[in-house]
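So the structure is just underneath, and the comments pick up after that.
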Amino acid sequence: MTTQSQAGSDNRGGAGTDTLTVTDNRTGQTYELDITDGTVRAMDLRRMKVSDEDFGLMTYDPAFTNTASCRSAITYIDGDNGVLEYRGYPIEQLCQESTYLEVAYLLVFGQLPTETELDQWVHDITVHTFVHENIKDFMNGFRHDAHPMGMLLGSVGALSTFYPEANRIKDAQNREIQTIRLIAKMPTLAAFAFRHAMGQPYVYPDNDLSYPGNFLSMMYKMTELRYEPDPRLERALDVLFILHADHEQNCSTNAVRAVGSSQVDPYSAVAAGVAALYGPLHGGANEAVLRMLRRIGSKQNIPDFLQGVKDGNERLMGFGHRVYKNYDPRARIIRKHIDDVFEVRGKSPLLEIATELEKRAMDDDYFVSRKLYPNVDYYSGLIYEALGLPVSMFPVMFAIPRTSGWIAQWLEMVVDSEQRIARPRQIYTGAREQDYVPVDRR
Ligand code: SDX
């Protein structure tokens, strides 16, 4: 960036150059800001001052609606055209051809594995699915009706105490083993939380089963010697895991990056992601969708419900997105897999309500004008319900696969030389220089 006074401006920038010419009307000074990758550096604004003592200009962007926080090569989204790619591979092809563990490798290492690399990766994940026995005592400390997301949040954070060496984040080998442990142990923690809530004994991992198959076993195995997962459910779960694996700088990933920027261990950073995902506007939306559909109760009640949304008394959960201003491609894929699951587990009456609700909303200008389309959370809950999961487990089903996205983003952040501790500025609106008043004189 260069600064010219109005009088002496040479036209270094001008039409056709990747620069922004800005005149500060407070001083008449003109500035040339470089445009790089469609952005201007916020720090370039700090040179725009009205005096030498002036702090300079900042950007003001609540919720970061128009702020790039990092450079990332992991996930590409084109919100207007409903495009989602992991490391450049379209989500549709990955759901068709790949497995969740292969996609997790792709997100973490940046390329699809060779057969040898994949076999080693699957082995490494498989043999790290056990958790320390103390975790069971920890889990038992929760109330019987504790929300599984709260239990997962506490357990993931607690894992950092079992692996104190995880805070050696500059050590690449150490980062890799913690990456493997987090991806491997998340389903175990999730299943333990479910079994605790159900008052059932914990089921240990079965290393002869696939990643989704082992999760189903830890969730549902009872007195049978070996749990045999239905391959149709196993595949539907694997596709759901692929669809939820990463989504660039969403709220929970931003939390992981921000907390991770303090150079804390990855378990604590991922626990921050679990906490953010818990919210009903984010990963908690799939739980909120099911509760919404149950509350609507029948197709006849849909017009009144939609009117309630327009009156601001309701929110159409599972609709809308900060980035997608078109149909979320993940919702389209999930919708296709619902029939496979219903074939095994029986059809949910809520599907008819969900389908009719989507149709009515898509025909209604209130939603179309606000570019509100179904997102990933709109139909996923119907599959989880069909799998026999309580609604409170739905956000946990989101957290399991999103762990590979969180850890991939954390790994990218840790080695990014441009990144430092995340510490935004503010516009101060409070009082200044108040004199203390003793309590008997207030
Ligand atoms: C996820 O970021 C990601 O990538 C997230 C995610 C991922 O993979 O990580 O994709 C996962 O979180 C999906 C979103 C799940 N959340 C929900 O389904 C909850 C319902 N949706 C919303 O609350 C909302 O759409 C958000 C939170 C998803 C997006 O919020 P924004 O971008 O801040 O949009 P907004 O709230 O400013 O809404 C813009 C307008 C507003 O209308 P006006 O006040 O301007 O008139 O649209 C309205 C909102 O009131 N609106 C809705 C609505 N969503 C937005 N109105 C009714 N129902 C809705 N669902």
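Atoms within each ligand, like the ligands themselves, are counted from 1 in listed order.
For His282, heavy-atom contacts with ligand 1 shorter than 4.0 Å involve the backbone as well as the side chain.
Counting only heavy atoms of the protein, atom 42 (O) of ligand 1 lies nearest to Arg370 NE, 3.6 Å. Atom 49 (C) of ligand 1 has Arg315 NH2, 3.3 Å as its closest protein atom, hydrogens excluded (heavy atom only).
For ligand 1, the atoms lying closer than 4.0 Å to a non-hydrogen atom of Arg402 are 7 (C), 8 (O), 9 (O).
A search for side chain to side chain contact (heavy atoms under 4.5 Å, CB included) contacts involving Val391 returns Glu287, Leu290, Arg291, Arg294, Phe394, not counting sequence neighbours. Legend: residues meeting ring pair (Phe, Tyr, Trp, His ring centres under 6.0 Å) with Tyr278, ordered by chain and number and at least two apart, are His147.
By the definition of a contact as any protein heavy atom under 4.0 Å away, atom 38 (O) of ligand 1 is not in contact. Counting only heavy atoms, the protein gets under 4.0 Å from atom 16 (N) of ligand 1.
For Phe319 and Tyr373, the ring centers are positioned 6.0 Å apart or more. For His123 and His128, the gap between ring centers reaches or exceeds 6.0 Å.
The N/O atoms of Leu316, backbone and side chain alike, include one that comes under 3.5 Å of an N/O atom in ligand 1. Considering backbone and side-chain N/O of Arg330, one or more are found under 3.5 Å from N/O of ligand 1. Where the criterion is an N or O separation shorter than 3.5 Å, residue side chain and backbone included, Phe319 meets it with respect to ligand 1.
Ring pair Phe162/His132 is tilted by interplanar angle, where 30° to 60° counts as tilted.
Distances shorter than 4.0 angstrom occur between a heavy atom of Leu372 and an atom of ligand 1.
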